[in-house]
**Q** 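Provided herewith is a single structure, encoded as structure tokens, for subsequent inquiry.
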Amino acid sequence: CLKNLNSKWERCLPYGERLPFVSEDPDTFSNSYFKWLLLWNERKIEYGDVHFIPTDVVLVIDDGFREYVQRFAGDKERFYAVWQKAYTKLVSIGM
């Protein structure tokens, strides 16, 4: 339903269900977001398993972004290292 990433995606889910990604355990930091994106792209999830918005979906539709999704889904430690570096940079400049 989000395949074309246009305004039609709004009809896929009622307004109250248009949520950003929510994992089974929202208090645990992990790379599950990337794993779910790949499952969505392979059409291996059921309706209601996860909710993505167009900005999430573009990460697996675009070849350049999908490369990072695949890397982070397959290597949790690499994702942690990249995230830590980016987060450290943000907080060091006062964001």
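Only this structure's heavy atoms are used, side chains among them; waters, hydrogens and symmetry mates stay out.
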**Q** Between W83 and F29, does the ring centre distance come in under 6.0 Å?
**A** yes
**Q** So, do N41 and R66 sit near enough that their side-chain heavy atoms are less than 4.5 Å apart?
**A** yes
**Q** Flag yes if more than 12 heavy atoms outside R71 fall under 6.0 Å of its CZ atom; otherwise flag no.
**A** yes
**Q** We want to know whether T28 and S30 form a side-chain donor-acceptor pair, criterion being a heavy-atom distance below 3.5 angstrom.
**A** no
**Q** Report yes if some heavy atom in the side chain of V60 is under 4.5 Å from a heavy atom in the side chain of W40; otherwise report no.
**A**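 In contact.
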**Q** Look up atom CG in L59 and atom CG in L38, then write down how far apart they are to the nearest 0.5 Å.
**A** 10.5 Å
**Q** Do N31 side-chain atoms and F34 backbone N/O form a donor-acceptor pair below 3.5 Å?
**A**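 Side chain of N31 to backbone of F34, a donor-acceptor pair under 3.5 Å: no, none is there.
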**Q** Under 4.5 Å between any side-chain heavy atoms of Q84 and Y87, yes or no?
**A** no
**Q** What are the two closest non-hydrogen atoms of V58 and T55, and how far apart are they?
**A** CG1-O, 3.3 Å
**Q** Tell me, do Y33 and D56 make a side-chain contact under 4.5 Å, heavy atoms counted?
**A**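 A side-chain contact under 4.5 Å exists here.
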**Q** Only one of W36, F79, F65 passes ring pair (Phe, Tyr, Trp, His ring centres under 6.0 Å) with F72; say which it is.
**A**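 With F72 as partner, W36, F79, F65 yield a single ring pair (Phe, Tyr, Trp, His ring centres under 6.0 Å), made by F79.
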